[in-house]
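Take a look at the structure below.
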Amino acid sequence: QLQLVESGGGLVQPGGSLRLSCVASGSSLDQYTIVWFRQAPGKEREGVSCISRNGGRTQYVDSIEGRFTVSRDNAKNTVYLQMNSLKPEDTAVYYCAVFRPVLSWSCTLRPDSLDAWGQGTLVTVSS
């Protein structure tokens with residue numbers, strides 16, 4: 001059974017950077033599209049980034065476009081979310097999740113269903 005573990009969260013000042021990692025075990029990550037979600041206090045969970053199975057296609061929500069970069073290393077069974085120019089409004093618990101796509105290049109921030117979730121990692125952006 002696929003399991004996902006996120007890490008890399010923490011407290012950072014506005015304008016700073018963090019890199020989140022999502023490590024998979026129990027199955028090969030290269031079968032899945034990856035979606036990064038976040039949930040800020042008092043808000044609904046939202047998909048913020050996705051990356052297709054081979055990494056050839058990515059997508060970002062407008063609020064992070066140009067500041068965050070998603071990548072994957074299938075050999076290490078790991079996905080990353082590089083977060084730069086962080087803002088207080090980026091404060092949230094960040095989760096990685098996966099689904100097995102019908103098409104290998106599929107990438108969506110609103111998948112119909114997900115096959116696994118991580119436990120989340122907290123990112124706090126504050127001075």
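As a basis for the values below, the full set of heavy atoms in this structure was taken, side chains included, without hydrogen atoms, waters or symmetry mates. This chain uses plain numbering: 1 for the first residue, then up along the sequence. All figures in this text were calculated on a predicted structure; none of them were measured in a lab.
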Do the non-hydrogen side-chain atoms of [X] and [Y] ever get within less than 4.5 Å of each other?
| X | Y | result |
| --- | --- | --- |
| V12 | M83 | no |
| V79 | C96 | no |
| N77 | S25 | no |
| V70 | Y60 | yes |
| L86 | F68 | yes |
| S7 | T121 | no |
| D115 | Q31 | no |
| L18 | V123 | yes |

Using the rule that two of Ile, Leu, Val, Met, Phe, Trp, Tyr join whenever any of their side-chain heavy atoms come within less than 4.5 Å, decide whether [X] and [Y] are in one cluster.
| X | Y | value |
| --- | --- | --- |
| Y32 | L109 | yes |
| I64 | Y95 | no |
| Y80 | V98 | no |
| V61 | W36 | yes |
| V35 | Y94 | no |

On a heavy-atom basis, which atom in [X] and which in [Y] lie closest, and how many Å separate them?
| X | Y | result |
| --- | --- | --- |
| P14 | S126 | CD-C, 3.6 Å |
| A24 | L2 | CB-CD1, 3.7 Å |
| D90 | R67 | OD2-NH1, 2.7 Å |
| S106 | T33 | O-OG1, 2.9 Å |
| N54 | G56 | OD1-N, 2.8 Å |
| R38 | A92 | CB-CB, 3.8 Å |

Tell me if a side-chain donor or acceptor on [X] pairs with a main-chain N or O of [Y] at a distance below 3.5 Å.
| X | Y | answer |
| --- | --- | --- |
| R57 | S52 | no |
| T124 | T91 | no |
| S85 | G15 | no |
| Q119 | V5 | no |

**Prompt:** Using a distance-only test with no angle check, is there a side-chain donor-acceptor pair under 3.5 angstrom linking S71 and D73?
**Reply:** no

Nearest 0.5 angstrom please: [X] [atom1] to [Y] [atom2], how far?
| X | Y | atom1 | atom2 | value |
| --- | --- | --- | --- | --- |
| L29 | K76 | CG | NZ | 13.5 Å |
| R53 | S28 | CZ | OG | 9.0 Å |
| F99 | C107 | CZ | SG | 7.0 Å |
| R72 | T58 | CZ | OG1 | 11.5 Å |
| S21 | L4 | OG | CG | 12.5 Å |
| T69 | R19 | OG1 | CZ | 11.5 Å |

**Request:** Just say parallel, tilted or perpendicular for the rings of W117 and F37, cut-offs at 30° and 60°.
**Result:** tilted

**Prompt:** Considering residues, nucleotides and ligands other than E89, do more than 12 of their heavy atoms fall under 6.0 Å from its CD?
**Reply:** yes

**Message:** Does Q39 have more than 12 heavy atoms from other residues, nucleotides or ligands lying within 6.0 Å of its CD?
**Reply:** yes

